[in-house]
Structures are given as structure tokens and as C-alpha cells.
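Quick note: residue numbers are just sequence positions, from 1.
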Amino acid sequence: MLRPLHKNVILRLDRCDLQESGGIVLKTSASRPCLAVVESVGPDVEDQDYGPGDVVVYHPLNPVSFAEGDHEYLILQDEDILAVQESGHEL
């Protein structure tokens, strides 16, 4: 696994697809926030309200994506994380 540098965060994709009734899966547009699981947080991220294992909503404007094993990951800046899912509440 990669270790994020500076103010970057690595997320494991959770839900960022929309499925049509006919079974066709469409990627969401770049303006739609998506859900992901925090894998690791860079050392320069200040005021961390989230950490590894937390489910977050992020803005997928310009993330760097990569695959490892069966999972797809994103690297983005901490300022692109918009919200943290409260424990016990599912979206």
C-alpha cells in the first residue's frame, strides 16, 4: 500500500456508481460527491476529524486513481473531503 505525503489522503472506493433499472452501471459526473473509506492520511493534514476506517464523502474533482488487488483507490487532498459518516448511520 502507498503512504500519502503532505496533505494527501488515500481512499478506498466504496460507492460512486449509479445503476439504472436495466442493470447498466454509470459513473457519476465529476460534480457529484461520492463515498469512500479512508485508508491512510498524510502527515501534514491538520485538524483531522477522520482517520483510517472512516467512511467519508469526497468531491471527485481531480483525484489520482490506482488499483491494488481487487480494490480501487484514490489519492486526493484533504480539503476535498466534505463529510464523515457518523457511526451507526448508513447513507
Looking at G42 and P4, what are the two nearest heavy atoms and their distance?
N-CG, 3.5 Å
A side-chain contact here means heavy atoms from C-beta on lying under 4.5 Å apart; do V41 and Q48 qualify?
yes
Sequence neighbours excluded, every pair satisfying salt bridge (Lys or Arg N to Asp or Glu O under 4.0 Å) that has a member inside residues 40-50
none
With D78 via side chain to side chain contact (heavy atoms under 4.5 Å, CB included) - residues at least two apart:
K7, V9, V45, Y50
Test applied, side-chain contact (heavy atoms from CB on, under 4.5 Å); reference residue, V56; option that passes from D80, L82, I81, V37
I81
Atom NE2 in H59, atom CG in L76: separation rounded to 0.5 Å?
11.0 Å
With R12 via salt bridge (Lys or Arg N to Asp or Glu O under 4.0 Å) - residues at least two apart:
E39
I need the Q77 CD to N62 CG distance, nearest 0.5 Å.
9.5 Å
L2 with L5, same ILVMFWY side-chain cluster at under 4.5 Å
no
Straight-line distance of L11 CG to S65 OG, nearest 0.5 Å
12.0 Å
Distance from L74 atom CG to N8 atom CG, nearest 0.5 Å?
12.0 Å
Which is it for Y73 and L13 under the side chain to side chain contact (heavy atoms under 4.5 Å, CB included) test, yes or no, and what are the steps along the way?
CA-CA 6 Å; Y73 297 90; L13 285 182; over 6 Å; no
